[in-house]
2 protein chains.
Amino acid sequence: MKKHKDLLQVLKANNMRITPARRFLLQFILDSKKHAGIKTGQITLKSITRFMEKILPGVNRSSIYRNIEAFKKLDIIQEISLPSGSFFQYVFDCKVHHFYICKSCGKASVGNEKLFNKIEAALKDIHGFAKANLSIVFYGYCSKCGH
Amino acid sequence: MKKHKDLLQVLKANNMRITPARRFLLQFILDSKKHAGIKTGQITLKSITRFMEKILPGVNRSSIYRNIEAFKKLDIIQEISLPSGSFFQYVFDCKVHHFYICKSCGKASVGNEKLFNKIEAALKDIHGFAKANLSIVFYGYCSKCGH
DNA sequence: AGTGCTATTGCAAAATGTTGCAATAAACCC
DNA sequence: GGGTTTATTGCAACATTTTGCAATAGCACT
Ligand SMILES: [Mn+2]
Ligand SMILES: [Mn+2]
Ligand SMILES: [Zn+2]
Ligand SMILES: [Zn+2]
């Protein structure tokens, strides 16, 4: 798990300036597990905006959006998109993510870890996909709704 | 592959009225493979809007959005969401979808069918996920960008 | 065909995202 | 600290999406 300082270095290494908005956004991302009301590792745009407007009153919405995009490009966070909306994850968590979304009832559940590891290995073999930070989203029908 | 008539029955069975906007939207979904400029089975919001405004001049945008949502709920179409945007698929196509999204370069590619079938089988065993209309999105690093 | 019920639409306002540009301020050198 | 460079911000205009509500129209029943 990287520290705040390390991430600031990532910015510098990419010719990006360290502004208050970016400091706080990094802090929020790193602390996201501690915040109440946020599912482990899942950062929503709403939660970011709430935090930023509180800690930096008057911050412009476009700056928030642009910094989120910038952090995505730097691979500090990744965006996971689901039909119900999207959220962000801190990439250096190195936590694998593996969702099942039922197309009928919409229920999202976390997958079986053993199966995930198998798929991960097969993916690397066949497609050359690197193992780190792989995320998978399955869309199907759960046993309750299944055809 | 269902026909237009069958889908109208789906609407009726769900206490929904058959309006011109819905007729045409259904038609567009069923015909989407024939339309030029649309990748097989991938219907975008833009393509829907273009079609609807042409065939039903003056149709309100909110009606288009609401009917798309309604058809999703009826499971006539499904929305596939990627960080770069989302698109819709006609569910009764029963075509499986299987994407690789590189988190670094953003490239999306279609997966190996054999591997997909294996995963599909395993998913059914372990999670009770039904085989029909399964879609998978993998987020990782391609061999070019991989760590 | 006419009537009643209510799902659907259009409309207007609000909310949410995006973009070009000029003012600002972070970073670096002296 | 003062001066220079230019990445970043705020702002305003625009585009897209969502929402409440009143008018409309699909449909069932006579
Ligand atoms: Mn949506
Ligand atoms: Mn976006
Ligand atoms: Zn379900
Ligand atoms: Zn790549």
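All values below were derived from every heavy atom in this structure, side-chain atoms included, with hydrogens, water molecules and symmetry-related copies excluded. So that the names make sense, note that chain A is the first sequence line, chain B the second, and so on, each numbered from 1. Keep in mind it's a predicted model, so treat the numbers as computed, not measured.
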Does the side chain of B:Ile64 reach to within under 4.5 Å of the side chain of B:Leu25, using non-hydrogen atoms?
no
Looking at D:dC27, D:dC11, C:dT16, which one has an atom nearest to any side-chain atom of A:Ser62?
D:dC11
Nearest-nucleotide comparison on DNA chain D, the residue closer to the 5′ end among B:Ile18 and B:Tyr65:
B:Tyr65
B:Thr19 side-chain proximity, nearest of D:dC11, C:dG17, C:dT8:
C:dT8
Mind calculating the distance between CZ (B:Arg66) and C1' (D:dG20) to the nearest angstrom?
9 Å
Expressed as a whole number of angstroms, how long is the span from B:Met52:CE to D:dT16:C1'?
18 Å
Can you check the A:Leu45 CG to C:dA15 C1' distance for me, whole Å?
12 Å
CG of A:Asn14 versus C1' of D:dT8: gap in Å, rounded?
15 Å
Side chains of A:Met52 and A:Phe24, heavy atoms from C-beta outward: is any pair under 4.5 Å?
yes
Tell whether A:Arg17 reaches the base of D:dT6 with its side chain through a donor-acceptor pair below 3.5 angstrom.
yes
Looking only at the side chains, is there a donor atom on one of B:Arg66 and B:Ser62 sitting less than 3.5 Å from an acceptor on the other?
yes
Picking from D:dT8, C:dT18, C:dG10, the nucleotide nearest the side-chain atoms of A:Arg22 would be D:dT8
Would you mind reporting whether A:Tyr65 and A:Leu45 have side-chain heavy atoms less than 4.5 Å apart?
yes
Ranking A:Lys46 and A:Asn60 by the position along DNA chain C of their nearest nucleotide, the one closer to 5' is A:Lys46
Which nucleotide sits closest to the side chain of B:Ala21: D:dG10, C:dT9, C:dG10?
C:dT9
Looking at every strand, decide which applies to B:Ile68 at a 4.0 Å heavy-atom threshold: base, sugar-phosphate, or nothing.
nothing
Is any side-chain heavy atom of A:Phe28 closer than 4.5 Å to one of A:Ile55?
no
Among the nucleotides D:dT16, C:dT16, C:dA26, whichever has the atom closest to the side chain of A:Pro20 is C:dA26
Would you kindly give the CD-to-C1' distance between B:Glu53 and C:dT9, to the nearest whole Å?
15 Å
Return the nearest nucleotide to the side chain of B:Asn67; candidates are D:dT18, C:dT9, C:dT16.
C:dT9
With the side chain of A:Arg61 defined as its heavy atoms from C-beta on, choose the nearest nucleotide among C:dG10, C:dA7, C:dG17.
C:dG17
Length of the line joining A:Arg23:CZ and D:dA7:C1', which is rounded to integer Å
16 Å
Interatomic distance, B:Ile64 CD1 vs D:dT19 P [rounded to whole Å]:
17 Å
